[in-house]
Amino acid sequence: VGGAQQPYNNTNELCVYAGIVSLLLSLAAYFRPRGVGMQRFFLIATPVILLMALGTVLLVPVVRFVPGMNISTPTRILYVFGLCMSVLAGLGAQALLELSGRRRIALAAIWTGAAVALVGIAWYGTTPAGQRWAGETSRNIANVGWERMAGAIGKNLSFSSGTLTPQLILAAIALTLGAVVLFSTKPQIRTGALIGLLAVLLTDQMGFGWRYNTTSPRDAAFPLTEGLSLLKETPEPFRVGMTGAFLHNSMAANEIEDIGGYRSFYPKRYADFLYIMNAKNKTTPAMPSQPNRWVHTKQVGSVVQDVLNMRYLLLPAVAPGQAPPKMPPSYKLIYAKEMLIYENLNAFPRAFLVPEFEYAESQNAAFIKVWKMTHADYQRKVILEQRPAEGFPSREAAPLDLAAKVTDITHGPNSVSMDVSTPVDAFLVCSDNYDRRWTAELDGKPVPLYQGNYVMRTVPVPAGVHKLEMRF
């Protein structure tokens with residue numbers, strides 16, 4: 001779509017299971033006499049969205065004009081299909097109580113045809129030809145070969161397995177109860193049959209969820225290894241970078257932050273800033289044409305990693321007898337067991353003070369300035385896109401001495417607090433992401449909070465000892 005290949009490679013997002021009862025009831029909705037208003041919307045939207053998820057030409061405008069749909073498979077639109085299908089099933093349940101005459105006979109005929117088709121498809125799945133077709137829909141057949149997949153497919157697609165027969169039994173029960181609701185003249189019996197349909201629906205969907213969504217103990221999925229325990233002993237806030245076979249977001253389960261944040265949710269500006277880290281051409285400033293939603297640490301030793309508080313770099317373990325990879329001099333190997341951990345000796349603290357600022361008249365100008373900044377530049381100044389109050393700082397720029405410090409940094413769900421001590425006016429730079437909804441208070445009084453260094457939070461701090469709080 002749009003010149004790009006979008007493989008259906010995410011089984012979880014590819015699967016939305018409506019259930020047998022929902023399918024039968026949604027068919028009944030098309031026979032409801034009062035097909036007006038919002039009902040028409042769901043009658044049309046449900047099949048159209050399903051066709052979009054199948055990758056038909058109907059998906060093209062969605063990919064081109066809906067944010068986010070051009071960077072992933074079209075299967076995510078199945079979430080909307082699931083919602084529409086649920087509403088349609090509710091309308092169908094109401095239709096069962098309203099239908100009469102030819103409409104009722106037509107629905108019964110449709111249900112009968114669906115039942116015959118279901119049995120036919122199930123039988124075809126047990127044949128060698130059907131199992132071969134099912135295997136060819138998986139791209140894994142190219143990786144492992146048909147011979148290895150045939151046994152697993154044949155074991156699942158058989159009437160003796162727990163895959164086909166239970167579903168056929170549930171379908172038979174649902175059709176029987178649906179027919180009772182459709183043709184019975186006694187209200188009590190019809191109500192009882194509807195309750196039975198609800199029970200079948202819950203059994204079907206809860207049973208599918210139990211079988212499909214595997215459950216793993218937390219310690220098995222995200223174990224707190226010896227190396228991670230070592231990292232968690234660090235008292236100050238820090239971030240890690242990862243390269244190699246590490247799962248995205250895998251550090252979050254053990255409350256360890258990484259420079260990618262919670263992928264793939266981060267602002268466009270942050271994507272621009274991270275692009276500087278991995279850019280091959282360091283001389284010509286350029287923003288990424290299509291930011292990657294996953295953050296990869298492709299290069300080591302970037303000043304971007306330093307200023308983002310990336311104190312540790314994680315690499316996969318090496319084979320016994322194999323030397324660990326060489327790193328820049330500022331990276332010290334401190335751990336080498338189930339993983340390699342390098343400490344970045346040039347990493348900035350999470351929040352730090354600088355004595356001066358440089359004004360950038362636009363976002364693009366700010367990007368060009370941070371592209372060119374060095375480690376020493378970040379220690380000396382902050383790039384601001386808004387001028388601070390006139391007369392601040394109240395002296396000529398000068399290096400900060402050792403008395404200037406930021407301590408006791410504490411992060412809450414929507415707040416950050418810290419103690420700040422500086423002998424002269426300075427700018428506090430926090431390498432957490434800026435957003436206009438963040439506010440700051442210094443000693444309990446509101447103070448400006450600026451966007452500094454393109455993505456960070458910056459607060460002007462007068463000389464003295466202060467308590468700084470940021471809130472979202």
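The line from CZ of Phe183 to CD1 of Ile189 is 14.5 Å long, rounded to the nearest 0.5 Å. Residue Leu43 holds its CG atom at 10.5 Å from SG of Cys84, rounded to the nearest 0.5 Å. Put simply, CD1 on Ile20 and CG on Leu175 are 8.5 Å apart, with the number rounded to the nearest 0.5 Å. How far CZ of Arg269 is from CG of Leu274: 14.0 Å, rounded to the nearest 0.5 Å. Met470 contributes atom CE, which lies 4.5 Å from atom CG of Leu468 (distance to the nearest 0.5 angstrom). With rounding to the nearest 0.5 Å, the separation of CZ in Arg311 from CG in Asn346 is 12.5 Å.
Salt-bridge annotation for Arg103 and Glu98: absent, with no side-chain N of the basic residue lying under 4.0 Å from a carboxylate O of the acidic one. Between Asp432 and Arg239, at least one side-chain nitrogen of the basic residue sits less than 4.0 Å from a carboxylate oxygen of the acidic one, meeting the salt-bridge criterion.
Residues Met456 and Tyr270 form no side-chain contact, since every pair of their non-hydrogen atoms from C-beta on lies 4.5 Å or further apart. Taking the side chain as every heavy atom from C-beta outward, Phe273 and Leu308 approach each other to under 4.5 Å. Looking at Phe42 and Met85, their side chains never come closer than 4.5 Å, going by heavy atoms from C-beta outward. Proximity of Tyr434 to Thr458: side-chain heavy atoms (C-beta onward) are nowhere separated by under 4.5 Å. Side-chain contact between Tyr30 and Leu88: present, with at least one pair of heavy atoms (C-beta onward) separated by less than 4.5 Å. For the pair Leu96 and Leu25, the minimum side-chain heavy-atom distance is below 4.5 Å. Contact annotation: the side chain of Arg350 approaches that of Glu257 to within less than 4.5 Å [non-hydrogen atoms, C-beta and beyond]. Side chains of Glu361 and Glu385 form no contact here, defined as non-hydrogen atoms less than 4.5 Å apart.
Put simply, the side chain of Thr126 never gets that close to the backbone of Ser158: no donor and acceptor are under 3.5 Å apart. In this structure a side-chain-to-backbone donor-acceptor pair under 3.5 Å is present from Gln451 to Tyr454. With hydrogens and angles ignored, the 3.5 Å screen pairs no side-chain donor or acceptor of Thr234 with any backbone N or O of Glu236. With Gln205 contributing its side chain and Ala18 its backbone, the two residues share a donor-acceptor pair below 3.5 Å. At distances below 3.5 Å, not a single donor-acceptor pair connects side-chain atoms of Asn453 with backbone N or O atoms of Val455. Asp272 contributes no side-chain N or O that, together with a main-chain N or O of Met287, makes up a donor-acceptor pair within less than 3.5 Å.
The aromatic rings of Phe348 and Tyr378 sit perpendicular to each other, their planes meeting at more than 60°, with 30° as the lower class boundary.
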Would Thr225 and Glu338 satisfy side-chain hydrogen bond (donor to acceptor under 3.5 Å, both in side chains), going step by step from the backbone distance to the final call? CA-CA 8 Å; Thr225 66; Glu338 79 280 2; 2.8 Å; yes
Residues Tyr331, Gln305; criterion side-chain hydrogen bond (donor to acceptor under 3.5 Å, both in side chains); working and verdict: CA-CA 12 Å; Tyr331 283 77; Gln305 296 164 347; 3.1 Å; yes
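Both tests hold for Arg457 against Trp438: distance to the six-membered ring centre under 6.0 Å, angle to the ring axis within 45°.
A centroid separation of less than 6.0 Å is found between the aromatic rings of Phe238 and Tyr312.
Defined by atom type and a distance below 3.5 Å, a donor-acceptor pair is present between the side-chain atoms of Gln39 and Arg32.
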